[in-house]
Amino acid sequence: MSTHDYDVKELALADKGRDRIEWAAQEMPVTRLIRERFEREMPLAGVRLSACLHVTTETANLVKTLAAGGADVVLCASNPLSTQDDVAASLVVHEEIPVYAIKGEDDDTYYRHLHAALDHKPQITMDDGADLVSTIHQDRTELLGNMVGGTEETTTGIIRLRAMAADGALRFPVVAVNDAMTKHLFDNRYGTGQSTLDGIIRATNVLLAGKVMVVAGYGWCSRGIAMRANGMGANVVVTEVDPLKALEAHMDGFRVMPMMEAASIGDIFVSATGDIHIFDKHHMEVMKDGAIIANSGHFNVEINIPALEAMAVKVRRVREFVDQYTMADGRRLHLLGEGRLVNLAAAEGHPAAVMDMSFANQALSAEYMLREGKNLERKVYAVPADIDAAIARLKLEAMGISIDTLTAEQEEYLASWKTGT
Ligand code: ADE
């Protein structure tokens, strides 16, 4: 590989990266089993695959699996602040996988890296946030002819893709990995729950017990955050726009109120809604001195950062991932990780044990797309139910947990409609 074939921070970090990738692999038994089958069967032989994912130890185990299946894979970052530079170096040095990702890269470099991954002329894209698919459709339409299809990791990406499909703009099929049960019920809930608190704690070392934590939204990610913050002794307030989710949050034991009310009582604010300006100027105007504001959604739009900047008379980086904004009235608001996903900016993202299932879905969906893509329409597809069930079964097996099976009598009972009281 020449230096044009990759762009990472420092190749000397490679050995540290390899140790950490191997550490994560111990918690990724399902991905390992898929890798072993891929090595035997080579289902992705020769396919050009461009992945735009958070460059972490878990992602490294996924791309190694894709390469083991014969894919000609390249990787770029799906967020400017989530890259683990040692991992990027190890993939280049030890696996000869071209990687374009540097933690803290500016927006120009981010898009240059995205285009470098597309210069690979992918037949399959693997996105976390739909940036590859969106760029192909808007700026790189010459690549459409090569495309078999894509896979998408996250809720935000799927919202974008469904909007494209509804507009009739989507030009190839995409599998919505996020919507697999073995993805969002675990990664979004337990992964985001733990890693978001990890990010807040690593950035601030603040005690959560006794703090009022305002969690915006009660989707799978937000409820994971609320649940884990509650477990750490925080006094959790949930805000919602969906009456059903608001009711669930209430009956799960959380206080529910409008953001304008929550804004003046919160000590820590976290958003994971996928929407824009959840913490807006009028909220930040009433937040308490010392308030901490974090985002765990995919894009850095959930906090109105331009408004925060305009309101501030002074901005100072007081810790590695903490920017202190001093208001004209003397209040200090603390923004974590520049408003980017705090779990990946200030910590290491979701633990490997949940990414194991998410990335098993990615690997098997890529295989499915290669096999079936030509028969699929230009739509967003669910992960086939048999893949989802197989992953759950393998994960249980790997954890040494066995379950019951229905007896013939029970099967028959469930299939009959005649038996009553
Ligand atoms: N998204 C959230 N956590 C992640 C991780 N550890 N690796 C890749 N993508 C992620």
Side-chain angles (χ1 to χ4, degrees), residues 17 20-28 30-31 51-66 73 75-88 90-91 97 99-101 103 117 125-132 151-158 176-180 182-200 202-203 219-222 224-225 228 270-272 274 294-300 302 336-337 340-363 365-366:
R20 293 181 59 247
I21 292 166
E22 285 171 5
W23 177 260
Q26 299 176 94
E27 290 270 89
M28 301 182 76
V30 180
T31 310
C52 178
L53 302 168
H54 301 296
V55 180
T56 64
T57 53
E58 294 77 23
T59 298
N61 281 293
L62 169 64
V63 297
K64 284 171 68 175
T65 301
L66 300 170
V73 53
L75 174 65
C76 69
S78 60
N79 185 286
L81 215 48
S82 62
T83 298
Q84 297 171 6
D85 291 315
D86 55 345
V87 170
S90 171
L91 286 173
I97 291 170
V99 179
Y100 307 92
K103 186 171 176 99
T125 54
M126 190 171 278
D127 261 315
D128 186 334
D131 277 349
L132 289 178
T151 66
E152 170 55 52
E153 171 79 5
T154 199
T155 320
T156 296
I158 289 167
V177 167
N178 181 73
D179 293 356
T182 47
K183 199 282 184 179
H184 67 270
L185 292 180
F186 301 89
D187 168 318
N188 299 27
R189 180 168 36 173
Y190 305 114
T192 310
Q194 178 166 321
S195 64
T196 298
L197 296 198
D198 187 16
I200 293 169
R202 287 201 211 189
W220 290 110
C221 293
S222 306
I225 299 168
R228 291 303 184 239
V270 194
S271 178
N295 167 45
S296 212
H298 184 79
F299 288 119
N300 64 337
E302 307 215 6
L336 305 193
R340 299 201 184 272
L341 349 87
V342 69
N343 58 340
L344 283 142
E348 295 172 67
H350 303 349
V354 286
M355 294 314 294
D356 186 29
M357 289 191 281
S358 310
F359 284 165
N361 274 291
Q362 282 286 10
S365 294

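Whatever order the structure lists them in is the order used to number ligands and atoms, beginning at 1. No hydrogens, no waters, no symmetry mates; every other heavy atom, side chains included, goes into these values.
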Tabulating one pair per line, provide the atom names and distances (0.1 Å) for every N/O atom of ligand 1 that is less than 3.5 Å from a protein N/O atom.
{"unit_1": "ligand 1", "atom_1": "3 (N)", "unit_2": "H350", "atom_2": "N", "d": "2.8"}
{"unit_1": "ligand 1", "atom_1": "6 (N)", "unit_2": "E58", "atom_2": "OE1", "d": "2.9"}
{"unit_1": "ligand 1", "atom_1": "6 (N)", "unit_2": "H350", "atom_2": "N", "d": "3.4"}
{"unit_1": "ligand 1", "atom_1": "6 (N)", "unit_2": "H350", "atom_2": "O", "d": "3.0"}
{"unit_1": "ligand 1", "atom_1": "7 (N)", "unit_2": "T56", "atom_2": "OG1", "d": "2.7"}

For this session: Only counting residues at least two apart or in another chain, list the ones meeting salt bridge (Lys or Arg N to Asp or Glu O under 4.0 Å) with D85.
Result: none

Problem set entry | T196 and N343: side chain donor to acceptor below 3.5 Å | no

Exercise. Taking atom types as modelled, is there a side-chain donor on H54 or S82 under 3.5 Å from an acceptor on the other?
Worked result: yes

Seminar exercise, completed: So the salt bridge (Lys or Arg N to Asp or Glu O under 4.0 Å) pairs with at least one residue in residues 342-353 (sequence neighbours excluded) are R20-E348, R202-E348

For this session: Would you mind listing every salt bridge (Lys or Arg N to Asp or Glu O under 4.0 Å) that reaches into residues 75-84, with sequence neighbours excluded?
Result: none

Exercise. Any side-chain donor paired with an acceptor under 3.5 Å for N178 and N188?
Worked result: yes

